[in-house]
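Working notes for the structure below.
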Amino acid sequence: KIRDSKSAVLLDGNGSVIKQVGAREVAKAIAYSKQPVFAIVVDGQATSAMIKTCDEFGVQFCGATTFGSVEGNAVKLVSL
């Protein structure tokens, strides 16, 4: 559970947790993950930098309570 923790989880294609990180460390964690990240779930805002990193590294889904402004992204945004 990450509710009220200001953290995020990186998930693989099976929905298993790869890693739980602080919300500010998401982009770095995606970039340096040894396993492909299928989705992220953030307790708070998915910033435009997070969303761009998701696009860069082929992350399919990004779940968050709010989203930064980004146009033309391939990642699917899921409001929590």
Where the side chain of Ser33 meets the backbone of Pro36, is there a donor-acceptor pair that is under 3.5 Å apart? no
* To do: Measure from the side-chain N and O atoms of Asp43 to the backbone N and O of Asp4, and report whether any donor-acceptor pair falls under 3.5 Å.
  => yes
query: If only atom types and distance count, is the side chain of Thr53 paired as donor or acceptor with the main-chain N or O of Ala49 below 3.5 Å?
result: yes
Minimal heavy-atom distance between Met50 and Gln45, with the atoms involved, is CE-O, 3.7 Å
Rounded to the nearest 0.5 Å, the CD atom of Gln35 sits from the CG atom of Asp12 at a distance of 6.0 Å
Query raised in the report: Taking a hydrophobic cluster as the set of Ile, Leu, Val, Met, Phe, Trp and Tyr residues connected by side-chain heavy atoms closer than 4.5 Å, whether directly or through intermediates, do Phe57 and Val42 fall within one such cluster?
Result: yes
Self-check item: Gly44 backbone acceptor or donor facing Thr65 side chain under 3.5 Å
Solution: yes
All heavy atoms of Gly68 vs all of Ile51, minimum pair found to be O-CD1, 4.0 Å
Same cluster for Val17 and Val41 if Ile/Leu/Val/Met/Phe/Trp/Tyr side chains link at under 4.5 Å? yes
- Query: Is there side-chain contact between Ile40 and Leu11, with at least one heavy-atom pair below 4.5 Å?
  - Reply: no
For Val9 and Ile2 the tightest heavy-atom approach is CG1-CG2, 3.7 Å
*asked:* Check whether Asp55 reaches the backbone of Val75 with its side chain - one donor and one acceptor, N or O, closer than 3.5 Å.
replied: yes
Taken to the nearest 0.5 Å, the spacing of Ile30 CD1 from Lys28 NZ works out to 13.5 Å
Can you get from Val59 to Val21 by hopping between Ile, Leu, Val, Met, Phe, Trp and Tyr side chains that sit under 4.5 Å apart? yes
